[in-house]
Amino acid sequence: MSFSGASERSVPATKIEITVSCRNLLDLDTFSKSDPMVVLYTQSRASQEWREFGRTEVIDNTLNPDFVRKFVLDYFFEEKQNLRFDVYNVDSKTNISKPDFLGQAFLALGEVIGGQGSRVERPLTGVPGKKCGTILLTAEELSNCRDIATMQLCANKLDKKDFFGKSDPFLVFYRSNEDGTFTICHKTEVVKNTLNPVWQPFSIPVRALCNGDYDRTVKIDVYDWDRDGSHDFIGEFTTSYRELSKAQNQFTVYEVLNPRKKCKKKKYVNSGTVTLLSFSVDSEFTFVDYIRGGTQLNFTVAIDFTASNGNPLQPTSLHYMSPYQLSAYAMALKAVGEIIQDYDSDKLFPAYGFGAKLPPEGRISHQFPLNNNDEDPNCAGIEGVLESYFQSLRTVQLYGPTYFAPVINQVARAAAKISDGSQYYVLLIITDGVISDMTQTKEAIVSASSLPMSIIIVGVGPAMFEVRPIPRLCRPVGEPGAEYGPTCQGCAGGDPRAATVLYAYQRHPASPATPCHPQPNASSKASLNSPPNQCPAVCPPAHPLLLLKIRGTWNLGLHWEGSLEDQYWLVEPSAPSPTEGPGTVTTSLTSCQ
């Protein structure tokens, strides 16, 4: 088994970053302006189908948005890579409905790269009888720089812009282009009603700030936020990455200048000052970097033996050992385990069961070794895990309830002993139903969130596994755009209890593929909001696994709430690939039956 992405093709020439802006969009809101968002679709070479690649943030109350979030695409010089940009007015921040469609544009990636200054402007179409405005696209080849810059700024004596208050200032960062234009790369949060704001620390890839050119001009605009989107310009100043980096051990003060006021007023000095309080740079390491550095993955399996799975002797059971095909549990175990085992040097995997009565006394256990060896629960390879799993099915009695916390805490205790990066723990939990010890599981995940450990929860069977969707509370470090809150890495306002969890969805292996009626414009976040019994936009093949990487936080200590970051299909190598690359989701977490 392997992670399936795009079909076989040549090595990409480079990675291209696309920046999106729109001008003169349709205004569909009655008492305010539209809240636009752009969704990028790429066209499959084989099927010619359009699949969502990603989407920008939503910007409130504007008909001329400059989006911070970028699209990063692999560029293949010898191929025509067709792109479709759809623009929507998204009042709810979650749903895309047909009446909110603002227009679309079709073009090839080569057209953007080949435009003058690697910039193109195209009219938006698709709304009969109306001028939909234009979309502006800028392409830039990304450097290999993987440094992350973290900085904090404050301001002093900014101009007062509000009639009944002071100002609500925020900063907008732009990097310069070769043709003299500027591309937006970051926005800070808004600090309300003050002329002396202190913004929270934020992290931004050096690649986004200057694309590896340390002397490239960085322009920073200071605005006063207005609810209707007509933000008032306070002033601007320029700097560079090299200049910012020199300020690591000292405060650097920049004068905020308003060119119009400077021309009109002879005694004009400035519109306030901005001070760089701190600046630091760290390297961003990839998965391959860690593996090359000697990091070993430790894979642990936990299998649900609760009675809700059905009698293992009956064909309707999710644990049924058919002579013709693997059970749902065995399929999930092989799909994930055969990938991870390549990075485990000793190929010894601890394997546990939970929710069963153990012989001979009938004790209920939520953490029993599948090989019946309390001193050494390790199994030799995935085949050894499967063998122990089958043996346990013959000896234990399926019971309940469904407790996750004991096995999570077991792996967390082992991970807590590692502080040098030499080991990383991956816990695979395969289950068929709702968690019974939600409070304890929540606390276990919170405690493990700072450890070298990931949790993969694979749901099998027809039961629905709910993920409560909300706007992202905690964005990944280095992601541009402050619209979705602070980063998770200990900055002011960030939730230190944030955790990343992998969910997986699998169709019941005994169920035939059910035809679905495609839903227009179905997408990653929209699919997470699908109501019960609603079919996804594209039904998966008979027995795939869709792994959803979701980052979230505990909201008020009650619910874990998160947003989709990435996904991968796990399918047989011979099976057709239902998706191409990150940013595309073609199924929801609900059953299609």
Side-chain angles (χ1 to χ4, degrees), residues 4-25 36-57 65-88 96 101-127 131-143 175 177-179 181 183-185 207-208 211 480 518 520-524 537-538 576-586:
S4 175
S7 56
E8 292 186 6
R9 63 202 305 183
S10 58
V11 177
T14 187
K15 285 188 177 293
I16 298 294
E17 179 186 81
I18 301 292
T19 302
V20 183
S21 299
C22 296
R23 295 294 180 263
N24 303 315
L25 295 175
M37 176 185 71
V38 174
V39 182
L40 169 60
Y41 295 87
T42 58
Q43 191 174 41
S44 169
R45 291 191 307 153
S47 65
Q48 300 300 304
E49 292 180 357
W50 290 101
R51 294 166 179 166
E52 182 183 329
F53 180 85
R55 50 177 72 183
T56 67
E57 74 277 11
D66 296 311
F67 297 100
V68 173
R69 191 170 299 165
K70 320 292 185 183
F71 299 119
V72 177
L73 300 129
D74 287 328
Y75 172 52
F76 299 88
F77 174 78
E78 68 279 11
E79 297 178 15
K80 185 174 184 180
Q81 297 173 254
N82 292 322
L83 309 176
R84 187 182 96 207
F85 294 87
D86 289 3
V87 187
Y88 295 93
I96 298 178
F101 180 70
L102 299 179
Q104 63 184 187
F106 296 83
L107 70 166
L109 178 58
E111 292 182 71
V112 186
I113 298 173
Q116 185 174 2
S118 293
R119 293 167 59 91
V120 296
E121 182 173 357
R122 290 287 187 273
L124 293 169
T125 60
V127 181
K131 293 183 178 180
C132 301
T134 60
I135 186 169
L136 295 86
L137 305 169
T138 303
E140 182 165 2
E141 181 180 359
L142 289 179
S143 70
R175 68 168 182 254
N177 302 315
E178 292 182 0
D179 60 357
T181 60
T183 298
I184 188 171
C185 56
R207 189 170 64 182
N211 204 17
N521 303 320
S523 59
S524 55
V538 179
S577 173
T579 187
E580 291 189 2
T584 307
V585 169
T586 55

Colleague: Excluding sequence neighbours, so at least two apart, what forms side chain to side chain contact (heavy atoms under 4.5 Å, CB included) with K80?
Modeller: N82, A108
Colleague: Any heavy-atom pair between the side chains of F85 and L107 that's under 4.5 Å?
Modeller: yes
Colleague: Which of parallel (below 30°), tilted (30 to 60°) and perpendicular (above 60°) describes F106 and W50?
Modeller: perpendicular
Colleague: How far apart are the C-alpha atoms of T56 and R69, what are their side-chain angles, what is the distance that settles it, and do they pass the side chain to side chain donor-acceptor pair (under 3.5 Å) test?
Modeller: CA-CA 5 Å; T56 67; R69 191 170 299 165; over 6 Å; no
Colleague: What pairs with E140 under salt bridge (Lys or Arg N to Asp or Glu O under 4.0 Å), at least two apart in sequence or on another chain?
Modeller: R175, R216
Colleague: Report yes if some heavy atom in the side chain of L83 is under 4.5 Å from a heavy atom in the side chain of F71; otherwise report no.
Modeller: no
Colleague: Considering only NZ, NE, NH1 and NH2 on the basic side and carboxylate oxygens on the acidic side, decide whether E121 and R23 come within less than 4.0 Å.
Modeller: no
Colleague: Heavy atoms, side chains only, cut-off 4.5 Å: are L25 and P65 in contact?
Modeller: yes
Colleague: Can you sort out the partners of F77 under ring-ring contact (aromatic ring centres under 6.0 Å, His included), two or more places apart, ordered by chain and number?
Modeller: none
Colleague: A quick test of your reading: do over 12 heavy atoms of other residues, nucleotides or ligands sit less than 6.0 Å from CD of Q48?
Modeller: yes
Colleague: Using the benzene-type ring in the case of Trp, are the ring centres of F101 and Y88 under 6.0 Å apart?
Modeller: yes
Colleague: For S143, check side chain to side chain contact (heavy atoms under 4.5 Å, CB included) against everything at least two apart and list the hits.
Modeller: C145, R207, N211
Colleague: If the condition is side chain to side chain contact (heavy atoms under 4.5 Å, CB included), which residues does A139 pass it with, not counting sequence neighbours?
Modeller: I16, I18, V112, I113, S118
Colleague: Of all residues at least two apart in sequence or in a different chain, which pass the side chain to side chain donor-acceptor pair (under 3.5 Å) check with T181?
Modeller: N177, D179
Colleague: Given side chains that start at C-beta, do those of D86 and M37 come closer than 4.5 Å, heavy atoms only?
Modeller: no
